Amino acid sequence: MKHLTDTTILNNGVHMPRFGLGTYKAEGAEVAKAVATALELGYRSIDTAAVYGNEEEVGQSIAASGVARDSLFVTTKVWNTDQGYDTTLRAFETSCQKLGLDVIDLYLIHWPGQTLYKDTWRALERLYDEGRVRAIGVSNFQIHHLEELKKESSIVPAVNQVELHPRFIQKELHDYCAQHQIQIEAWAPLMKGRLQDNELLQGIAGKHGKTVSQVILRWGLQNSIVIIPKSVTASRIKENSEIFDFELSADEVSAISGLDAGERIGTNPDNLLF
């Protein structure tokens, strides 16, 4: 964990960057500029989704960057209204067309819903077997979703992307995923800025000469979490990436984890039923 391009090895042997750029709620010229900035700074992982409405701009920035395709790791996701076997296959082709890519590095089911995710997963397995995706995974899946999926699937998800930050560390889910070699990835790792005034984090940040955001992101890395903070501001994209020149002590990591209060800022997956 010394470089922006450091990777974790997924359960199928694919190397995934430990750190990347999230693009949720970023559209048009704004997201195009953010991706371009990130790639110039050395980011090599970009996370998007069909529902974000920005795959085309993300793809254009990737193409214009001059960065070799095999140096990049691009994630996108199938949206709820496209779940199901045939509809997922069509949605994947649409995402590839918009991104301007023949192969996606990581394709995720965005939300579990009720039961459609099982047919959706069969489609992802087909895409993986055909070499159209390098790894497949899920997002916002809880343990009971993963257990159900295990009963009917032949491939273990490589990644589970979930809400995770110091106020919502999801320890039981994190431990389960580690046991089953499913990489945990955090969306909203900074809790959308709601931790900036926390005295513990401010104290640790001051000790290391870093910002609260940098301390939180470093905490994520040291907990073996893949992190994809979203920003469209060039200075913050740069700041977020400057977390590889310091290390939190074991006591500091433990203290930050102690902020957990089971506090979600997003939707509970069990309440988003479709």
Side-chain angles (χ1 to χ4, degrees), residues 20 22-26 47-54 75-84 87-88 91 106-121 123-124 136-153 156-198 201 213 216-217 219-220 223-231 256-274:
T23 63
Y24 175 60
K25 285 192 174 180
D47 179 274
T48 183
V51 76
Y52 297 173
N54 61 20
T75 300
T76 192
K77 314 172 191 76
V78 58
W79 184 238
N80 306 341
T81 53
D82 289 320
Q83 281 214 42
T87 45
T88 292
L106 177 63
Y107 198 44
L108 305 178
I109 301 176
H110 208 143
W111 290 88
Q114 297 187 74
T115 60
L116 277 175
Y117 67 85
K118 297 177 182 179
D119 286 334
T120 302
W121 187 253
L124 265 61
I136 55 177
V138 296
S139 182
N140 300 302
F141 274 48
Q142 302 197 84
I143 292 174
H144 68 91
H145 298 120
L146 294 167
E147 282 291 299
E148 283 298 312
L149 193 62
K150 184 168 65 172
K151 294 176 183 177
E152 302 183 27
S153 63
V156 176
V159 171
N160 187 15
Q161 184 185 118
V162 298
E163 178 183 348
L164 197 153
H165 45 72
R167 298 288 287 177
F168 190 55
I169 69 173
Q170 301 225 61
K171 185 178 187 307
E172 185 179 1
L173 176 62
H174 194 172
D175 289 348
Y176 174 93
C177 287
Q179 180 184 352
H180 292 84
Q181 295 186 300
I182 301 169
Q183 175 64 53
I184 279 280
E185 181 177 20
W187 62 257
L190 297 173
M191 202 182 178
K192 297 185 178 179
R194 301 184 192 187
L195 293 169
Q196 295 301 312
D197 295 330
N198 182 274
L201 294 172
S213 293
I216 295 170
L217 295 174
W219 167 84
N223 275 296
S224 301
I225 300 163
V226 169
I227 47 178
I228 47 168
K230 176 255 178 161
S231 180
I256 295 170
S257 297
L259 294 174
D260 181 40
E263 184 179 343
R264 289 184 186 272
I265 58 172
T267 302
N268 185 326
D270 284 334
N271 294 337
L272 184 62
L273 304 177
F274 54 90

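Model, not experiment: these values are computed from the prediction.
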If I take atom CD1 from residue Ile216 and atom CG from residue Asn198, how far apart are they, to the nearest 0.5 angstrom?
8.0 Å
Do Asn140 and Pro112 have side-chain heavy atoms sitting under 4.5 Å apart?
yes
Closest non-hydrogen contact found for Thr87 with Asp82 is OG1-O, 2.8 Å
Indicate yes or no for a side-chain donor-acceptor contact from Gln142 to the backbone of Leu173 under 3.5 Å, with no hydrogens or angles considered.
no
If you take all heavy atoms of Thr120 and Gly84, which pair is closest and at what distance?
OG1-N, 2.8 Å
Looking only at heavy atoms, what is the nearest atom pair of Asn54 and Ala49, with distance?
OD1-O, 4.4 Å
CG of Leu164 to CD1 of Ile225, rounded to nearest 0.5 Å, is 4.5 Å
Contact check, side chains of Glu172 and Ile143, non-hydrogen atoms, under 4.5 Å:
yes
Does the salt bridge (charged side-chain N to carboxylate O under 4.0 Å, His left out) test come out yes or no for Lys230 and Asp47, once each step is laid out?
CA-CA 9 Å; Lys230 176 255 178 161; Asp47 179 274; over 6 Å; no
Does any non-hydrogen side-chain atom of Lys192 lie less than 4.5 Å from one of Ile265?
yes
d(Glu152 CD, Asp119 CG) to nearest 0.5 Å is 8.5 Å
Could you walk me through whether Met191 and Phe168 satisfy the side-chain contact (heavy atoms from CB on, under 4.5 Å) test, starting with their C-alpha distance in whole Å, then the side-chain angles of each, then the deciding distance to 0.1 Å, before giving a yes or no?
CA-CA 9 Å; Met191 202 182 178; Phe168 190 55; over 6 Å; no
For the residue pair Trp121 / Thr88, report whether a side-chain donor-acceptor contact shorter than 3.5 Å exists.
no
Between the side chain of Asp260 and the main-chain N/O of Ile169, is any donor-acceptor distance below 3.5 Å?
yes
Is any side-chain heavy atom of Lys77 closer than 4.5 Å to one of Tyr52?
yes
Kindly say whether Ser224 contributes a backbone atom to a donor-acceptor pair with the side chain of Gln183 at under 3.5 angstrom?
yes
Side chains of Leu106 and Val159: closer than 4.5 Å at any heavy-atom pair?
yes
Interatomic distance, Leu217 atom CG to Leu190 atom CG [nearest 0.5 angstrom]:
4.5 Å
Looking only at heavy atoms, what is the nearest atom pair of Asn160 and Phe141, with distance?
ND2-O, 2.9 Å
Is any side-chain heavy atom of Ile184 less than 4.5 Å from a side-chain heavy atom of Gln170?
no
Report yes or no: do Gln196 and Ser213 form a side-chain donor-acceptor pair below 3.5 Å?
yes
Nearest non-hydrogen partners of Pro189 and Ile227, listed with the distance:
CB-CG2, 4.2 Å
Find the distance between NE2 (His110) and OG1 (Thr76) and round it off to the nearest 0.5 Å.
9.0 Å
Atom pair CZ (Arg264) and CD (Glu163), whose distance is rounded to the nearest 0.5 Å
6.0 Å
Show your reasoning for whether side-chain hydrogen bond (donor to acceptor under 3.5 Å, both in side chains) applies to His174 and Asn223.
CA-CA 10 Å; His174 194 172; Asn223 275 296; 5.8 Å; no
Close side-chain approach of Asp270 and His145, heavy atoms under 4.5 Å
yes
Run the numbers on His180 and Lys150 for side-chain contact (heavy atoms from CB on, under 4.5 Å), then give the verdict.
CA-CA 11 Å; His180 292 84; Lys150 184 168 65 172; 3.6 Å; yes
Tell me whether the count of non-hydrogen atoms from other residues, nucleotides or ligands lying under 6.0 Å of OH in Tyr24 goes above 12.
no
Closest non-hydrogen atom pair, Trp111 against Gln83
O-NE2, 2.6 Å
Heavy atoms, side chains only, cut-off 4.5 Å: are Cys177 and Leu146 in contact?
yes
